[in-house]
Amino acid sequence: TKYSGNQTITTDSYSGSYRLRESGRGNGIKTYNMQQRTTYANAVDFTDNDNYWNNFNANYDEVATDAHWAAEKYYDYLLNEHGRNSLDNSGFALLSYVHYDFEYSNAFWDGYRMTYGDGDGSYWTPLTSVDIAGHEMTHGLTSFTADLIYQDESGALNEAFSDIFGTALE
C-alpha cells in the first residue's frame with residue numbers, strides 16, 4: 001500500500017489474473033478504478049498478474065490497495081468490536097472507487113459507495129489512507145443507523161462520528 005506498508009489483502013482470480021474483489025465478508029468488498037473520470041459505469045477492475053500487488057506506478061495505483069485493505073479492516077472492526085455485519089448489519093457490499101476525476105482533492109460517501117480522489121498533485125496526495133477510508137465508511141454507517149440530517153448540529157455530529165471511527169480504525 002502507499003500509506004500502510006505491506007499488508008495482506010483478499011482478492012479473487014479472474015481471467016488469468018487477480019482483481020481487488022473479495023466475497024468472504026458480508027456481500028463483498030470491491031475496489032474499482034475510475035481512471036480519473038466521473039462516470040461509475042465506466043470504472044474498471046484493478047488487476048495484477050501474480051497477486052503480489054506491488055503496483056507502484058505513475059498512476060498511483062498502489063493507493064487502490066490502501067482503499068481495499070481499509071474496507072476489509074473496517075468490515076472486520078464492525079463485526080469484531082460492534083457485532084455488525086457491515087454498514088447496514090445485513091452485509092452491505094463495501095464498494096470503493098479510486099482515481100475519481102482529475103486532481104480531485106476529496107473523498108466522499110454518496111449513499112452507495114466510497115469515492116476517492118487523487119489530490120491536486122502538489123499539496124494533496126491520494127485520499128485513500130485508512131483514517132480517511134474509515135471516515136467515509138462511517139458516513140455510510142451513520143446513514144444506516146442514526147440517519148442524521150447533514151446540516152447544522154446533526155451534520156457536525158455526523159462529521160465527528162466519522163472522524164472518531166476513522167481514527168479508531170487507524
| If you look only at pairs with a residue in residues 3-12, which of them pass as a salt bridge (charged side-chain N to carboxylate O under 4.0 Å, His left out), with sequence neighbours excluded? |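 Listed once each, the pairs are Asp12-Arg19.
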| said: Side-chain heavy atoms under 4.5 Å apart, restricted to Ile/Leu/Val/Met/Phe/Trp/Tyr: what other residues fall into the cluster of Tyr52, or is it alone? | reply: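 Result for Tyr52 is none, singleton.
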| Test side chain to side chain contact (heavy atoms under 4.5 Å, CB included) applied to Phe46 and Val98, step by step | CA-CA 10 Å; Phe46 286 97; Val98 178; 4.0 Å; yes
| Taking C-beta and beyond as the side chain, do Met137 and Leu94 meet within less than 4.5 Å on heavy atoms? |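 SC-SC contact between Met137 and Leu94 confirmed.
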| request: Under the side chain to side chain contact (heavy atoms under 4.5 Å, CB included) rule, collect the residues that match up with Tyr123, sequence neighbours excluded. | output: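 Counting only residues at least two positions away or on another chain, Tyr123 forms a side chain to side chain contact (heavy atoms under 4.5 Å, CB included) with Asp120.
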| query | Got Phe165 and Thr142 here, is their nearest side-chain heavy-atom distance under 4.5 Å? | reply | no
| field | Any side-chain heavy-atom pair of Thr128 and Lys2 under 4.5 Å | value | no
| query | Quick one: side-chain hydrogen bond (donor to acceptor under 3.5 Å, both in side chains) pairs with a partner in residues 161-170, sequence neighbours left out? | reply |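 Passing the test, one end in residues 161-170: His135-Asp163, His139-Ser162.
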| request: List in chain and number order the residues that pass side-chain hydrogen bond (donor to acceptor under 3.5 Å, both in side chains) with Tyr112, two or more places apart in sequence or in another chain; answer none if no residue qualifies. | output: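 side-chain hydrogen bond (donor to acceptor under 3.5 Å, both in side chains) check on Tyr112 returns nothing, list empty.
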| note | One should read off an interatomic distance between Gln7 CD and Trp69 CH2, to the nearest 0.5 angstrom, of 4.0 Å
| request: Find out whether Met114 and Tyr116 are in side-chain contact, i.e. whether some heavy atom of one side chain is under 4.5 Å from a heavy atom of the other. | output: yes
| field | Nearest heavy-atom neighbours spanning Leu20 and Ala64 | value | CD1-CB, 3.7 Å
| note | Output for pair (Tyr150 OH, Asn158 CG), nearest 0.5 Å, gives 6.0 Å
| Atom CH2 of Trp53 and atom CD1 of Ile9: how far apart are they, to the nearest 0.5 Å? |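 So the CH2 of Trp53 and the CD1 of Ile9 are separated by 6.0 Å.
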| Pairs in or reaching into residues 91-111: which pass side-chain hydrogen bond (donor to acceptor under 3.5 Å, both in side chains), with residues at least two apart or in two chains? | Asp61-His99, His99-Asp118, Asp110-Arg113
| query | Should Leu141 and Leu157 be counted in the same cluster of Ile, Leu, Val, Met, Phe, Trp and Tyr side chains packed under 4.5 Å apart? | reply |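 No: no chain of side-chain contacts under 4.5 Å links Leu141 to Leu157.
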| Hey, quick one: are Met34 and Leu127 part of the same hydrophobic cluster, counting side-chain heavy atoms closer than 4.5 Å, chains of contacts allowed? | no
| With a 4.5 Å limit on heavy-atom distance, are the side chains of Asp48 and Asp50 in contact? | yes
| query | Out of curiosity, does Ile132 fall in the hydrophobic cluster containing Phe161 (side-chain heavy atoms, cut-off under 4.5 Å, transitive links)? | reply | no
| field | Set of side-chain hydrogen bond (donor to acceptor under 3.5 Å, both in side chains) partners for Thr31, sequence neighbours left out | value |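 Thr31 satisfies side-chain hydrogen bond (donor to acceptor under 3.5 Å, both in side chains) with His68 only.
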| request: Sequence neighbours left out, what passes side chain to side chain contact (heavy atoms under 4.5 Å, CB included) with Lys30? Give chain and number order. | output: Arg21, Tyr32, Leu95
| message | Run Tyr75 and Leu87 through side chain to side chain contact (heavy atoms under 4.5 Å, CB included) and show every step you take. | response | CA-CA 8 Å; Tyr75 180 90; Leu87 305 178; over 6 Å; no
| task | Mind listing the closest non-hydrogen atom pair of Thr10 and Glu72 along with its distance? | result | N-OE2, 2.9 Å
| query | Below 4.5 Å, heavy atoms only, C-beta onward: do Leu169 and Thr138 meet side chain to side chain? | reply |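 Counting from C-beta outward, Leu169 and Thr138 never come under 4.5 Å.
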| query | Do side-chain atoms of Glu136 reach the backbone of Thr115 as a donor and acceptor pair under 3.5 angstrom? | reply |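 Not a single qualifying donor-acceptor pair exists.
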| note | All heavy atoms of Asn27 vs all of Phe92, minimum pair found to be ND2-N, 4.1 Å
| field | Under 3.5 Å donor-acceptor, Glu22 side chain and Gly24 backbone | value |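 Here the side-chain-to-backbone pair exists.
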| query | What residue pairs, at least two apart or across chains, pass salt bridge (charged side-chain N to carboxylate O under 4.0 Å, His left out) with a residue in residues 76-94? | reply | Arg25-Asp76, Lys73-Asp76
| message | Given Tyr3, which partner from the list Thr125, Thr65, Asp66 fulfils the side chain to side chain donor-acceptor pair (under 3.5 Å) test? | response | Thr125
| task | With sequence neighbours left out, write down each residue that passes ring pair (Phe, Tyr, Trp, His ring centres under 6.0 Å) with Tyr14, or none if nothing qualifies. | result | none
| request: Quick one: list whatever passes side chain to side chain contact (heavy atoms under 4.5 Å, CB included) with Ile164, sequence neighbours left out. | output: none
| query | Any donor and acceptor pair, going by atom type alone, linking the side chain of Ser4 with main-chain N or O of Thr1 inside 3.5 Å? | reply | no
| request: Taking atom types as modelled, find out whether Asn51 and Thr11 have a side-chain donor-acceptor pair closer than 3.5 angstrom. | output: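 Yes, Thr11 and Asn51 have a side-chain donor paired with an acceptor closer than 3.5 Å.
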| Set of residues satisfying side chain to side chain contact (heavy atoms under 4.5 Å, CB included) with respect to Ser17, sequence neighbours excluded |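 Applying side chain to side chain contact (heavy atoms under 4.5 Å, CB included) to Ser17 gives Thr47, Asn49.
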